[in-house]
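Taking it in order: structure first as structure tokens, then the write-up.
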4 protein chains.
Amino acid sequence: MNHKIKAILKAAATVMSQKGFEKATMDEIARMSKVAKGTLYYYFQNKENLFLQLTLSIFDELERRTQEIVTAVGTAAERMARLIRDQVDFFSEYREEVSLILGDFVGSTLPRESFRSRLQDYYSLIGRLIEEGIAAGEFREVDSWTAATALFGMVSVATFHWLLNSPGMDRKKLAEELVNLALHSLAR
Amino acid sequence: MNHKIKAILKAAATVMSQKGFEKATMDEIARMSKVAKGTLYYYFQNKENLFLQLTLSIFDELERRTQEIVTAVGTAAERMARLIRDQVDFFSEYREEVSLILGDFVGSTLPRESFRSRLQDYYSLIGRLIEEGIAAGEFREVDSWTAATALFGMVSVATFHWLLNSPGMDRKKLAEELVNLALHSLAR
Amino acid sequence: MNHKIKAILKAAATVMSQKGFEKATMDEIARMSKVAKGTLYYYFQNKENLFLQLTLSIFDELERRTQEIVTAVGTAAERMARLIRDQVDFFSEYREEVSLILGDFVGSTLPRESFRSRLQDYYSLIGRLIEEGIAAGEFREVDSWTAATALFGMVSVATFHWLLNSPGMDRKKLAEELVNLALHSLAR
Amino acid sequence: MNHKIKAILKAAATVMSQKGFEKATMDEIARMSKVAKGTLYYYFQNKENLFLQLTLSIFDELERRTQEIVTAVGTAAERMARLIRDQVDFFSEYREEVSLILGDFVGSTLPRESFRSRLQDYYSLIGRLIEEGIAAGEFREVDSWTAATALFGMVSVATFHWLLNSPGMDRKKLAEELVNLALHSLAR
DNA sequence: CATGAATGAGCATTCATTCAT
DNA sequence: TATGAATGAATGCTCATTCAT
């Protein structure tokens with residue numbers, strides 16, 4: 001991928017996640033990516049599209065990683081633990097991009113349709129892992145869809161508030177606490 | 001409270017939660033509240049302040065209800081169950097307002113300071129209940145702050161996605177699933 | 001009509017007719033009418049609409065005057081003579097506005113629909129006068145629609161080129177030359 | 001002439017006459033001529049110049065044809081009749097290009113200087129024919145300059161409105177009506 | 001108390017033009 | 001000779017805010 005495109009996406013991620021989609025200006029994104037404003041429009045149709053490109057690449061990465069973990073060998077509990085640790089890492093690493101996506105998603109009563117279906121796909125991944133665990137007798141009989149969204153919420157919200165309040169706890173400790181809570185919530 | 005103020009707050013809640021803070025215009029809020037645009041500025045310093053008034057009343061309500069539940073008599077587990085059921089109700093009832101607040105909160109790395117501290121207060125309420133449960137030997141020894149944010153995320157995210165995707169499951173069932181997951185995650 | 005609206009319309013007429021619709025900027029119109037740019041949008045939806053308001057008022061005025069002349073008492077030839085003299089006056093008086101309308105009309109293969117029908121109406125007025133003259137035996141048997149457009153073209157184009165090249169000839173003389181040509185073209 | 005230049009001029013004629021000079025973009029012209037955008041600037045100084053080249057070739061053609069008719073043998077009336085028939089044909093054939101030029105010309109009070117003088121030249125051609133007719137005793141004593149512009153307006157406006165409203169009348173009939181009106185207006 | 005006409009800073013977007021290759 | 005990536009000045013339009021009445 002073109003090096004200017006990368007610079008633009010990086011700058012967009014920074015500016016938009018700091019100020020939110022609406023308050024971020026194309027001027028500032030251009031300035032930060034050291035590209036003329038026209039260049040933004042040479043590579044992206046408009047602000048909305050720039051936002052979309054940015055977010056879809058994050059979704060791709062998240063799905064890719066999760067897919068890999070979920071389909072690995074091991075007990076459901078082991079994979080669930082790995083998944084939660086990876087989510088903590090992911091949210092930390094892509095903090096800016098993820099908060100941007102989530103903010104957009106939560107903030108409007110009618111979220112962007114493209115997000116909605118991507119997120120559904122993502123929940124399905126988690127849901128299937130839970131169902132496998134139930135089938136294998138590792139997990140209790142819970143509603144897999146509710147549990148999937150609940151676990152995602154648990155990890156994402158806890159991680160974000162940890163990031164925002166940068167407490168004394170280190171990341172490893174946070175991840176282990178969350179793994180622990182999650183596995184107990186599912187355990188027989 | 002003056003009936004014009006009420007009309008304005010009501011209109012602001014509707015418009016802002018439908019379109020988000022940025023896209024909501026003072027013009028539309030004035031039109032919907034059947035008040036002249038100048039009147040908005042007679043009663044509220046500016047758009048930001050109107051948003052804040054609106055928002056804080058929601059926080060007040062949430063805290064009031066939670067406070068009441070947390071300080072009620074009963075085991076920690078009983079109170080936790082009640083709290084989760086109430087959160088599901090609250091998020092359903094104030095869906096638009098809550099999504100407005102959360103969207104604003106999550107959507108930028110630099111959230112409004114007033115929200116941040118209010119949310120901290122709220123987490124403390126939950127955190128204390130968890131600590132009580134631990135002290136009483138009802139709950140495992142978990143990090144209360146992590147558990148508080150995790151439980152809040154679990155309930156809020158699951159409820160929002162349930163609202164968005166309006167599935168076959170009824171609200172009661174959702175609440176019980178979440179209570180179940182939460183209590184298991186904390187149980188010894 | 002509001003005094004600011006008048007100032008805006010006047011300025012728009014001047015700027016747009018000097019530079020054409022596209023090259024005229026809202027900034028310049030605002031500057032010339034000594035009104036803030038926002039005020040233009042307070043009174044007119046957009047540039048297009050400002051243009052339309054401007055031109056429709058001209059059409060109204062032209063039709064009003066022509067209507068009056070055509071329906072007056074007198075022979076068809078007398079009224080035709082008066083009509084042509086009035087057109088010369090009108091085009092001179094509203095030079096800017098008229099050149100703006102005509103330019104837009106001629107300049108695009110698909111002229112604004114609102115203009116098209118207005119102009120049709122106007123031709124009908126002239127066409128009916130010609131038909132009256134034919135019926136009364138004053139004029140030859142010509143196709144009234146062709147003659148109406150031809151006479152309009154004759155007067156408008158000649159007057160405009162006279163205005164552009166501000167020659168030695170005075171307006172009265174020009175009008176009489178055109179009356180003369182027109183009546184001869186129709187005379188038995 | 002280079003075949004790329006031809007392609008560009010052809011595309012420019014199409015795009016500009018459809019959308020007008022301002023709304024036509026160099027991008028679209030490049031796309032339609034299947035040439036890179038830079039190539040437009042290799043062969044033409046700028047957009048204005050491209051427009052001019054295009055335009056002048058139309059003027060050349062019109063003047064060439066008119067010149068030929070005016071200087072042919074025959075009575076002034078015969079040549080005038082031929083001239084008018086040819087104008088109807090010309091405006092029909094080059095409808096788009098002519099409307100482009102005329103729209104630009106009429107649309108602003110400050111028309112491109114190059115057009116102005118070309119049009120003056122063209123009027124002179126017609127004017128001289130009228131003067132010949134007067135001298136030969138065929139035409140009445142009219143002001144030749146006024147008559148020239150009047151006749152041009154008559155034919156052009158009538159033809160354009162005929163084109164726009166594509167009525168039942170055929171072109172031959174239109175031309176004969178106009179010849180008839182013109183000759184009567186000049187006849188002794 | 002309440003109004004709404006008027007404002008102007010701010011922003012997304014367009015597009016003619018340039019220039020290194 | 002030909003290209004197309006890159007530019008940035010220019011422009012239409014929005015909207016929170018003010019203030020005279």
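Throughout, a chain's letter reflects where its sequence line sits, starting with A, and its residues are numbered from 1.
Each of E/dT3, F/dT3, F/dG12 was ranked by its minimum atom distance to the side chain of D/Ala36; first place goes to F/dT3. You'll find that the side chain of B/Tyr41 is closest to F/dT18, out of F/dT18, F/dT3, E/dT18. Residue C/Met26 has its side chain nearest to F/dG12 when only F/dT17, E/dT17, F/dG12 are considered. Considering only side-chain atoms of D/Asn46, the nucleotide from E/dT7, E/dT17, F/dG12 that sits closest is E/dT17.
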### Query
Dot-bracket for DNA chain E: what is it, with Watson-Crick or G-U pairs under 3.5 Å, [ ] where a pair crosses earlier ones, and | for a pair to another strand?
.||||||||||||||||||||
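For A/Lys37 against A/Asp27, the heavy-atom pair with the smallest separation is NZ-OD2, 3.1 Å. Here the shortest heavy-atom pairing between C/Ala24 and C/Lys19 reads N-CB, 4.1 Å.
The distance from atom CG of D/Leu9 to atom CZ of D/Phe51, rounded to the nearest 0.5 Å, is 12.5 Å. Atom-to-atom distance recorded for C/Phe44:CZ and C/Ile8:CD1 is 5.5 Å, nearest 0.5 angstrom. Atoms CG and CZ, on D/Asp121 and D/Phe59 in that order, are 9.0 Å from each other to the nearest 0.5 Å.
Put simply, CD on A/Glu22 is 12 Å from C1' on E/dA12, counting in whole angstrom units. C/Glu28 has its CD atom 13 Å from the P atom of F/dA10, to the nearest Å. Atom CG in A/Asn49 sits about 15 Å away from atom P in E/dA12, given to the nearest Å. B/Met16 places its CE atom 11 Å from the C1' atom of F/dA16, with the value rounded to the nearest Å. Atoms NZ (C/Lys23) and P (F/dG12) sit 13 Å apart, rounded to a whole Å. One interatomic measurement links the two molecules: CZ of B/Arg31 to C1' of E/dG4, which rounds to 13 Å at whole-angstrom precision. Here the P atom of nucleotide F/dT18 and the CZ atom of B/Phe44 are 16 Å apart, to the nearest Å. For the pair C/Ile29 CD1 and F/dT11 P, the interatomic distance rounds to 12 Å; values are reported in whole Å.
Backbone-only engagement by C/Ala24 is indicated by non-hydrogen atom pairs under 4.0 Å involving sugar-phosphate atoms exclusively. Contacts of D/Thr25 with the nucleic acid, taken as non-hydrogen atoms under 4.0 Å apart, involve only primed sugar atoms and P, OP1 or OP2.
In this structure, A/Lys19 does not reach the E/dC11 phosphate: none of its side-chain N or O atoms is under 4.0 Å from OP1 or OP2.
Judged by distance alone, with hydrogens and angles left aside, the side-chain atoms of A/Lys47 form a donor-acceptor pair with the main-chain N or O of A/Glu22 at under 3.5 Å. C/Lys4 places no side-chain N or O within donor-acceptor distance of the main-chain N or O of C/Ser33, the cut-off being under 3.5 Å.
Annotation: of the two residues near DNA chain E, C/Lys34 and A/Lys47, the 5′-most nearest-nucleotide partner is C/Lys34. Residue order along DNA chain E, read from the 5' end via each residue's closest nucleotide, puts B/Asn2 first among B/Asn2 and C/Val35. Nearer the 5' end of DNA chain F, as judged by each residue's closest nucleotide, is the contact made by A/Gly38, out of C/Gly38 and A/Gly38. Along DNA chain F, the nucleotide nearest to A/Lys37 and the one nearest to B/Phe21 differ in position, and the one closer to the 5' end is contacted by A/Lys37.
Under the 4.0 Å criterion applied to side-chain N and carboxylate O atoms, C/Arg64 and C/Glu61 are assigned as salt-bridge partners.
With both ends at atom C1', the span from F/dT21 to E/dC1 equals 13 Å, rounded to whole Å.
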